[in-house]
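Reviewing the structure listed below.
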Number of protein chains: 2
Amino acid sequence: MRSVNTPRPATRTDVARLAGVSDAVVSYVVNSGPRPVAAATRARVLDAIHALNYRPNATARALSRGMSDVFGMLVVDARNPFFAQLVYAANRESSAHGHSLMTVSTGGSPLSLDEQVDELVARRVRGLISVHAFTPRQIERLRGQGIHVVVINQPAATPGIPSVRVDLPAGARTAVEHLIGHGYRRIGFVGAAEYRSAREHGWADAVSAAGLPLGPRVLTEYSLDGGYDAGLQLLQLEHRPDAVFVSSDQMSMGLLAAVHAAGLRVPEDLALASFDGVTESAYLWPPLTTVRQPVAEITAAAVAALVADDDDVDVVLPTELVVRRSCGCPP
Amino acid sequence: MRSVNTPRPATRTDVARLAGVSDAVVSYVVNSGPRPVAAATRARVLDAIHALNYRPNATARALSRGMSDVFGMLVVDARNPFFAQLVYAANRESSAHGHSLMTVSTGGSPLSLDEQVDELVARRVRGLISVHAFTPRQIERLRGQGIHVVVINQPAATPGIPSVRVDLPAGARTAVEHLIGHGYRRIGFVGAAEYRSAREHGWADAVSAAGLPLGPRVLTEYSLDGGYDAGLQLLQLEHRPDAVFVSSDQMSMGLLAAVHAAGLRVPEDLALASFDGVTESAYLWPPLTTVRQPVAEITAAAVAALVADDDDVDVVLPTELVVRRSCGCPP
DNA sequence: CTGAAAGCGCTTACAG
DNA sequence: CTGAAAGCGCTTACAG
């Protein structure tokens, strides 16, 4: 059972009393403003803070300021390694700016996206990093609450809202061009229905530009199982592709499992180029040739946009093709 | 640039005014208590809430109650798939109980564990789910702030603090016994220095009980790279083991990469049994035989302990050996 | 440079 | 069943 007398944490008033100053002065030194404090006074306050092990109550501050110092982050599923790395990086980046991060995996919740955003709004998060696009109505609502928003990794910028993204079609194109350079002539595509366009267009452009016919296209889910399924479908085809561009490393991992289970080999029976460049991609067999998204730079730019509060930001970051063995390159 | 006149969100007073009642009554209906409200009044309030799209301000509520409705969660690194799954499950479980979850990956932060806990304390989190053990001093401090704590996945219970765990040695034992059943006689161990004892003891017990000599033991980091390194070390040994028990699926993934890179095969050249049972383990090549930890049950019990506020809880959950191909079993 | 005081949006005894 | 009022721990004009 819980012990009876729980000593309450020190408050700003306790500190003020001990230091012999007013509450306001304690606030001034804790926040380094907005008014100046004499050096001697400041020292006394600091001593008192230390002696009492005082930590400002973040909820009181949030109420008073009308805004917390928490950022919210919306991803589809933080178990996907790419999102996991984004969240991890965003966490570090937010901390560096004195903010905490509250992450929600929107997929797999019984609540709608709007309801999940509402929860964050109720907590008065100061900013929101979202991999979901928002409708003008949603943006208006968020803005009405004074919440800054930045949308990341969407194929295109939403007007009037800061966005940080990567040139998805260009990234896909470099991967497919690399596959073409290997001499593969029948290049398939695996992607997800919802986000199909950007990466798929990159694939289609590269294939067409090389004067080749479009290979088979499989649309599935962004998941391990989706990738596995896609692999199965591809392998069952009467006329199999000799290479495939897969829209995410997680899908590639699933697809690889399907190929192995069929007793076939990558790249000999089916070459593969992937997208994301998560750490795991180097540890799969074979190691993935993949388009690396600059996770640290994405989150850094996103947090910067939140902090700067400039709605006209549209940062487009470059991707980088990481060549490993799944495409057929030598070790 | 941001639009000028941001309409402020509706407050409880707005609702009260519209419904023609006092602020207190709005509170009573929002919280279904602590005082009863007449049905007709209640209906008017609900209408007003709806009309104004009112959402209670969570920060004001937290200040007033002295406690937020947020749970904190401490993991080492949420990019590790096992932790990612724990976090995901804890998130869902918390939501089901009306709580939000704020997760922090303690590794890789420049802050100490104490400092990271302090941040959560400053936010007045109501409870804390931690994969780290706490010292009596830390527990005392947390308790002093009225914060409930539950420690998960530690090898042993901390007296006076609720804990939810798995029988680590028993789990390891079943995996190693399975390996022994295959006829392997020289069985190695891969684990991490910090948590070595529990899983390592299980391995050692099973090996000794079978009258076999202990195979080589490699201590490294809980990471992909740690697993890769361990694989390298094992393969360089003059007298290689014919099987190995690896302490985590993430490490196993790294080790598998090392084996493949060396042109060797699992299980033919080195059989493998792993620990955790993350989703990914089924998609590796070969699929991992692994000791599955009941992630959903762990988080459910942890949240239940937090909600119940009973310090004497010590839940020990069973693991389950999932047999796949890495141990040498047929597909 | 410092302090007294109002206010942030809630909750909760206390009266009625 | 309902309301007036104090209080949670901060911040921030406003005076001095």
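Values below: all heavy atoms of this structure, side chains included; hydrogens, waters and symmetry mates excluded. Below, chains carry the letters A, B, ... as their sequence lines are ordered, and counting in each starts from 1.
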Out of [options], which has the shortest distance to the side chain of [X]?
{"X": "Val25(A)", "options": "dG9(C), dT2(C), dG3(D)", "result": "dT2(C)"}
{"X": "Asn57(A)", "options": "dC8(D), dC10(D), dT12(D)", "result": "dC10(D)"}
{"X": "Pro36(A)", "options": "dT12(D), dG9(D), dC1(C)", "result": "dC1(C)"}
{"X": "Leu63(A)", "options": "dG7(C), dG9(C), dT12(D)", "result": "dG9(C)"}
{"X": "Ser64(B)", "options": "dC10(C), dG3(D), dC10(D)", "result": "dC10(C)"}

Send over the distance from [X] [atom1] to [N] [atom2], rounded to a whole Å.
{"X": "Tyr54(A)", "N": "dG9(D)", "atom1": "OH", "atom2": "C1'", "answer": "7 Å"}
{"X": "Asp69(A)", "N": "dC8(C)", "atom1": "CG", "atom2": "P", "answer": "21 Å"}
{"X": "Arg35(B)", "N": "dT12(C)", "atom1": "CZ", "atom2": "C1'", "answer": "9 Å"}
{"X": "Met67(A)", "N": "dT12(D)", "atom1": "CE", "atom2": "P", "answer": "13 Å"}
{"X": "Arg61(A)", "N": "dT12(D)", "atom1": "CZ", "atom2": "C1'", "answer": "13 Å"}
{"X": "Ile49(A)", "N": "dG9(D)", "atom1": "CD1", "atom2": "P", "answer": "16 Å"}
{"X": "Asp23(A)", "N": "dC14(D)", "atom1": "CG", "atom2": "C1'", "answer": "16 Å"}
{"X": "Arg123(A)", "N": "dC8(C)", "atom1": "CZ", "atom2": "P", "answer": "22 Å"}

dC14(C): pairing nucleotide in any strand, Watson-Crick or G-U under 3.5 angstrom: dG3(D)
Please check if the number of heavy atoms outside Arg55(B) that lie under 6.0 Å from its CZ is greater than 12. yes
Would you classify Thr13(B) as touching base, sugar-phosphate or nothing, given that sugar-phosphate means primed atoms plus P, OP1 and OP2, and contacts are heavy atoms under 4.0 Å? nothing
Could you check whether Ala38(A) gets within reach of a base, just the sugar-phosphate, or nothing at all, counting any heavy atom under 4.0 Å? sugar-phosphate
Please tell me which of Ala60(B) and Gly20(B) maps to the more 5' nucleotide of DNA chain D, matching each residue to the nucleotide holding its nearest heavy atom. Gly20(B)
Salt bridge Asp69(B)-Arg124(B), side-chain N to carboxylate O under 4.0 Å: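 A salt bridge is absent here (no side-chain N lies under 4.0 Å from a carboxylate O).
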Between the side chains of Ser100(B) and Arg123(A), is a donor N or O closer than 3.5 angstrom to an acceptor N or O?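 Their side chains do contain a donor-acceptor pair, which is all the 3.5 Å distance test asks for.
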Just by distance, with hydrogens left out, do Ser163(A) and Gln154(A) show a side-chain donor and acceptor under 3.5 Å apart? no
Distance check: side-chain N/O of [X] vs OP1/OP2 of [N], anything under 4.0 Å?
{"X": "Tyr28(A)", "N": "dA13(D)", "result": "no"}
{"X": "Ser22(B)", "N": "dG3(D)", "result": "yes"}
{"X": "Thr11(B)", "N": "dG9(C)", "result": "no"}
{"X": "Thr41(A)", "N": "dT2(C)", "result": "yes"}

With a 4.5 Å cut-off on side-chain heavy atoms, are Val303(B) and Val307(B) touching?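 Val307(B) reaches Val303(B) side chain to side chain.
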For Ala24(A) and Val30(B), find the nucleotide of DNA chain C closest to each by heavy atoms; which residue's nucleotide sits nearer the 5' end?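 Nearer the 5' end of the strand: Ala24(A).
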What's the shortest heavy-atom distance between Ser94(B) and Phe71(B), and which atoms?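 Reported closest heavy-atom pair: OG-CD1, 3.6 Å.
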